Visitor: 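Handing you this structure, nothing more for now.
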Amino acid sequence: MKTNEGGIDRILRIVAGLALIGLTLTGTIGAWGWIGVVPLATGLIGWCPLYTMLGINSCSMNSKS
């Protein structure tokens, strides 16, 4: 499994996931907020299966000229 998420992408996913889970635990939003587990998990792992299917890679390229 090759990493296909860049640093900013991963941070945003983790923050969004935690926010959704937190809002669910406090009762602010309904049970659908548990979907926050998905962006949290992909952000922690650094790999998104949807990105792989669509050929997207948000990792920065470190090319030496």
Side-chain angles (χ1 to χ4, degrees):
M1 194 166 30
K2 187 177 178 183
T3 302
N4 62 2
E5 296 175 1
I8 294 173
D9 190 4
R10 290 179 74 177
I11 290 169
L12 291 175
R13 286 170 183 263
I14 292 168
V15 169
L18 289 173
L20 283 171
I21 293 169
L23 289 171
T24 301
L25 291 174
T26 61
T28 305
I29 58 177
W32 66 268
W34 286 110
I35 196 72
V37 171
V38 175
L40 177 62
T42 59
L44 291 172
I45 295 169
W47 178 75
C48 177
L50 184 61
Y51 273 18
T52 301
M53 289 190 301
L54 297 175
I56 299 171
N57 188 342
S58 64
C59 292
S60 61
M61 296 288 211
N62 293 331
S63 60
K64 296 180 180 180
S65 300

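Given the structure is predicted, the values throughout are model-derived calculations rather than measurements. The basis for the numbers below is simple: all heavy atoms, side chains too, and nothing from hydrogens, waters or symmetry mates.
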Visitor: I'd like to know if Leu20 and Ile11 are part of one continuous hydrophobic network [Ile/Leu/Val/Met/Phe/Trp/Tyr, side-chain heavy atoms within less than 4.5 Å].
Guide: no
Visitor: Measuring from Leu44:CG to Arg10:CZ, what's the distance to the nearest 0.5 Å?
Guide: 7.5 Å
Visitor: Rounded to the nearest 0.5 Å, how far does CH2 of Trp34 lie from CD1 of Ile21?
Guide: 6.0 Å
Visitor: Considering non-hydrogen atoms only, spot the tightest contact between Ser58 and Gly6 and give its length.
Guide: OG-N, 2.8 Å
Visitor: Does Leu12 belong to the same Ile/Leu/Val/Met/Phe/Trp/Tyr cluster as Ile56, with side-chain heavy atoms less than 4.5 Å apart forming each link?
Guide: no
Visitor: Short question: side chain of Thr52, backbone of Cys48 - any donor-acceptor pair under 3.5 Å?
Guide: yes
Visitor: How close do Ile45 and Met1 get, counting heavy atoms only, and between which atoms?
Guide: CG2-CE, 4.3 Å
Visitor: List the atom of Thr3, the atom of Cys59, and the distance in Å for their closest heavy-atom pair.
Guide: O-SG, 3.7 Å
Visitor: Among Asn57, Asp9, Asn4, exactly one meets side-chain hydrogen bond (donor to acceptor under 3.5 Å, both in side chains) together with Tyr51. Which residue is that?
Guide: Asp9
Visitor: Among the clusters formed by ILVMFWY side chains lying less than 4.5 Å apart, do Val38 and Trp32 turn up in the same one?
Guide: yes
Visitor: May I ask you to decide if Leu40's main-chain N or O and Arg13's side chain share a donor-acceptor pair within less than 3.5 Å?
Guide: no
Visitor: With a 6.0 Å cut-off (strictly less than), is the heavy-atom count around CD1 of Ile8, excluding the residue itself, greater than 12?
Guide: no
Visitor: Nearest heavy-atom pair of Pro39 and Gly17: which atoms, and what distance?
Guide: CG-CA, 4.0 Å
Visitor: Decide whether Leu18 and Leu23 are clustered together by the hydrophobic rule: side chain heavy atoms of Ile, Leu, Val, Met, Phe, Trp, Tyr closer than 4.5 Å, transitively.
Guide: no
